[in-house]
Amino acid sequence: MLHALPLRDGAQDEFKNLFKNYYKELGCDEDCDHLLSEYILPDLIAGVFRIDMLKEGEIFIGFVVYQIDEMGGEWSFKEGWGDIREIYIAPPYRKKGYGKFLLYTAEMKLKESGAQKAYCLPCENSSPFFTACGYKKTESYNDETDCFFYEKHDLNNKCK
């Protein structure tokens, strides 16, 4: 059975391992342990963003990091919009609809919290996934992340 659950203390090690694999796949050379301990987990605790873990049976297989942008917030680009910051599914579990399930779950939680629209800044390889889920590439470009903004104006629109 598939479950999307908020990240809790008991699953932090699984999250850290999944996040390290995610960063390795992206080719990032940052120190993941430092990034996790100094930024990601403290920002989660401070309520800057949310992290949901995807679990199939007893195995954690992915995560999504998301937030509602606020003026003046770090990494906030569109006030009041939902921001899908990161999404990852472990390779053996891809192409089974799990990423779509996890994304839809995050979008519904963003909607419940007041967001009417969402955006993401996908790497080139993940743009087809977001397009299939109703996100549209815009002309707006983010130099810092070296990618275009993708926007979704209807959070009721499910993935295809």
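Computed from a predicted model, the values in this text were never measured in an experiment. By convention here, the first residue in the shown sequence is residue 1.
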Shared ILVMFWY cluster between [X] and [Y], side chains joined below 4.5 angstrom?
{"X": "Phe63", "Y": "Tyr104", "value": "no"}
{"X": "Val48", "Y": "Ile40", "value": "yes"}
{"X": "Ile51", "Y": "Leu26", "value": "yes"}
{"X": "Val64", "Y": "Ile59", "value": "yes"}
{"X": "Ile61", "Y": "Tyr23", "value": "no"}

Measure the spacing between [atom1] of [X] and [atom2] of [Y] and express it to the nearest 0.5 Å.
{"X": "Ile89", "Y": "Glu56", "atom1": "CD1", "atom2": "CD", "value": "10.0 Å"}
{"X": "Asp154", "Y": "Glu107", "atom1": "CG", "atom2": "CD", "value": "9.5 Å"}
{"X": "Lys78", "Y": "Ser140", "atom1": "NZ", "atom2": "OG", "value": "5.0 Å"}
{"X": "Glu38", "Y": "Asp31", "atom1": "CD", "atom2": "CG", "value": "10.0 Å"}
{"X": "Thr145", "Y": "Leu121", "atom1": "OG1", "atom2": "CG", "value": "4.5 Å"}

For Lys117, which residues count as a salt bridge (Lys or Arg N to Asp or Glu O under 4.0 Å) partner, sequence neighbours excluded? none
Glu58: salt bridge (Lys or Arg N to Asp or Glu O under 4.0 Å) partners, not counting sequence neighbours: Lys55
With [X], which residues qualify under side chain to side chain contact (heavy atoms under 4.5 Å, CB included), at least two apart?
{"X": "Pro92", "value": "Ala90"}
{"X": "Asp143", "value": "Tyr141"}
{"X": "Leu110", "value": "Tyr66, Ile68, Ile84, Ala115"}

Inter- and intrachain pairs under disulfide (SG to SG under 2.5 Å), touching residues 88-145, at least two apart: Cys133-Cys159
Hey, are Arg94 and Glu25 close enough for a salt bridge, meaning a charged N less than 4.0 Å from a carboxylate O? yes
Would you call [X] and [Y] a side-chain contact if the rule is heavy atoms closer than 4.5 Å?
{"X": "Asn21", "Y": "Tyr88", "value": "yes"}
{"X": "Trp81", "Y": "His153", "value": "yes"}
{"X": "Phe101", "Y": "Leu2", "value": "yes"}
{"X": "Tyr98", "Y": "Leu54", "value": "yes"}
{"X": "Thr138", "Y": "Tyr150", "value": "no"}
{"X": "Met53", "Y": "Leu18", "value": "yes"}

Using side-chain hydrogen bond (donor to acceptor under 3.5 Å, both in side chains) as the criterion, list what pairs up with Tyr93, not counting sequence neighbours. none
Considering residues at least two apart in sequence or located in another chain, which fulfil the side-chain hydrogen bond (donor to acceptor under 3.5 Å, both in side chains) criterion with Ser37? none
Say whether, by atom type as modelled, one donor and one acceptor occur between the side chain of Asp69 and the main chain of Phe77 under 3.5 angstrom. yes
How about Lys136: does its NZ atom have over 12 heavy atoms from other parts shown lying under 6.0 Å from it? no
Hey, are Gln67 and Arg50 close enough side-chain-wise for a donor-acceptor pair under 3.5 Å? no
Quick one: side chains of residues 3-17, donor-acceptor pairs under 3.5 Å with protein atoms, not counting sequence neighbours, listed by atom name and distance.
unit_1	atom_1	unit_2	atom_2	d
Asp9	OD1	Gln12	NE2	3.4
Asn17	ND2	Asp13	O	3.3

Once ring pair (Phe, Tyr, Trp, His ring centres under 6.0 Å) is applied, what residue pairs with a partner in residues 107-137 remain, sequence neighbours excluded? Tyr119-Phe149, Phe130-Tyr135
Shortest non-hydrogen contact from Gln116 to Leu155? O-CG, 3.6 Å
Given a cutoff of under 4.5 Å between side-chain heavy atoms of I, L, V, M, F, W and Y, with clusters grown through shared members, what are the other residues clustered with Met1? none
Partners of Cys32 by disulfide (SG to SG under 2.5 Å), sequence neighbours excluded? none
